[in-house]
Amino acid sequence: GLHAFSHVPFGNPSCSKATAESELAASLKVAQKYKITFASFVFPCNLINYLDLLKKYKFIAYRGIQPNIPILRGFFHHILMALDFFAPIASPVATASIVNGLVNIPASFYFPSSRGNKKYIPKAARFYKAKLGIDAAIKQRKIFHMWTHPTDLTDNSENLLKEFFAILNYALAKQKQGMLEIKTMKQIAQETLYES
């Protein structure tokens with residue numbers, strides 16, 4: 001997947017269509033040099049815009065917005081994220097949908113860092129929240145879509161990676177039991193487009 005060239009938020013009012021296109025073109029130029037192809041896109045700051053450009057550059061999918069977290073900025077966004085994270089309920093699961101000819105695969109769960117106030121997140125809380133989401137995906141036959149940033153794993157790395165791998169191992173165990181399928185965004189998008 002691709003995340004733009006210099007992390008310009010496409011949905012920011014100051015980001016023109018020409019700027020967004022230059023971001024895509026620059027990224028794909030580098031990718032072509034290394035013979036890398038992309039099928040999916042993650043919008044910087046989750047600010048979705050210019051879907052027509054994604055189609056133009058042959059993307060088939062993008063990560064959509066987590067259904068229960070409106071896109072806010074600053075203090076209110078952090079409050080909503082904290083309330084959602086500590087609520088003893090599963091992260092939202094969803095189905096992929098087609099929007100403007102592209103497959104929207106909504107986010108379910110952000111695996112947070114341990115920087116700032118996040119250092120107070122109790123041990124195993126990330127695993128527990130993700131486990132609830134995976135279980136909900138199995139029960140409802142929907143998609144659980146976890147995401148993070150590589151930089152989120154740089155502080156307290158050993159403990160965070162243990163928890164991250166515990167989530168992956170839980171999902172793998174459910175896959176081995178025939179209860180869960182683990183797929184890339186590209187695979188989900190191809191199946192969604194095929195079935196439509």
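Basis for what follows: all heavy atoms, side chains included, without hydrogens, waters or symmetry-related copies.
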Indicate yes or no for a side-chain donor-acceptor contact from [X] to the backbone of [Y] under 3.5 Å, with no hydrogens or angles considered.
| X | Y | result |
| --- | --- | --- |
| His7 | Pro44 | no |
| Ser27 | Phe5 | yes |
| Ser114 | Asp155 | yes |
| Glu163 | Ala125 | yes |
| Arg126 | Pro112 | yes |

Contact check, side chains of [X] and [Y], non-hydrogen atoms, under 4.5 Å:
| X | Y | result |
| --- | --- | --- |
| Leu24 | Leu54 | yes |
| Thr19 | Tyr50 | no |
| Tyr62 | Ile105 | no |
| Leu51 | Phe43 | yes |
| His145 | Pro106 | no |
| Leu2 | Tyr57 | no |
| Leu153 | Leu161 | yes |

Same apolar cluster (I L V M F W Y, side chains within < 4.5 Å links), [X]/[Y]:
| X | Y | result |
| --- | --- | --- |
| Ile134 | Phe164 | yes |
| Ile98 | Ile188 | yes |
| Tyr194 | Phe59 | no |
| Ile48 | Val99 | yes |
| Met146 | Ile182 | yes |

Describe, in one word, how the ring planes of Tyr110 and Trp147 are oriented to each other, choosing from parallel (under 30°), tilted (30 to 60°) and perpendicular (over 60°).
tilted

Using a strict 4.0 Å threshold on nitrogen-to-oxygen distance, state whether Asp52 and Lys56 make a salt bridge.
no

Could you tell me whether Lys17 and Glu21 make a salt bridge, using a distance below 4.0 angstrom between a side-chain N and a carboxylate O?
no

In Å, rounded to the nearest 0.5 Å, how long is the span from [atom1] of [X] to [atom2] of [Y]?
| X | Y | atom1 | atom2 | value |
| --- | --- | --- | --- | --- |
| Gln175 | Leu168 | CD | CG | 11.5 Å |
| Ser108 | Leu132 | OG | CG | 12.5 Å |
| Asn104 | Arg63 | CG | CZ | 11.0 Å |
| Ser40 | Gln187 | OG | CD | 11.0 Å |
| Glu23 | Ser6 | CD | OG | 3.5 Å |

Which heavy atom of [X] sits nearest a heavy atom of [Y], and at what distance?
| X | Y | answer |
| --- | --- | --- |
| Gly133 | Val93 | O-CG1, 3.5 Å |
| Ile138 | Met179 | CG1-O, 3.7 Å |
| Glu191 | Lys183 | OE1-NZ, 2.6 Å |
| Cys15 | Pro9 | CB-O, 3.3 Å |
| Ser113 | Lys118 | O-CB, 3.2 Å |
| Leu102 | Ala61 | CD2-N, 4.3 Å |

Could you note down all residue pairs passing salt bridge (Lys or Arg N to Asp or Glu O under 4.0 Å) where residues 136-152 supplies at least one of them, sequence neighbours left out?
Arg115-Asp152

Stepwise side chain to side chain contact (heavy atoms under 4.5 Å, CB included) check, Ile167 with Tyr170:
CA-CA 5 Å; Ile167 295 168; Tyr170 183 76; 5.7 Å; no

With a cut-off of 6.0 Å (strictly less than), are more than 12 heavy atoms of other residues, nucleotides or ligands near CD of Gln177?
yes

Verify the neighbour count for atom CD of Gln190: are there more than 12 heavy atoms of other residues, nucleotides or ligands below 6.0 Å?
yes

Between Phe10 and Phe41, is the gap from one ring center to the other below 6.0 Å?
yes

Working for side-chain hydrogen bond (donor to acceptor under 3.5 Å, both in side chains), residues Thr154 and Thr151
CA-CA 5 Å; Thr154 56; Thr151 57; 5.8 Å; no

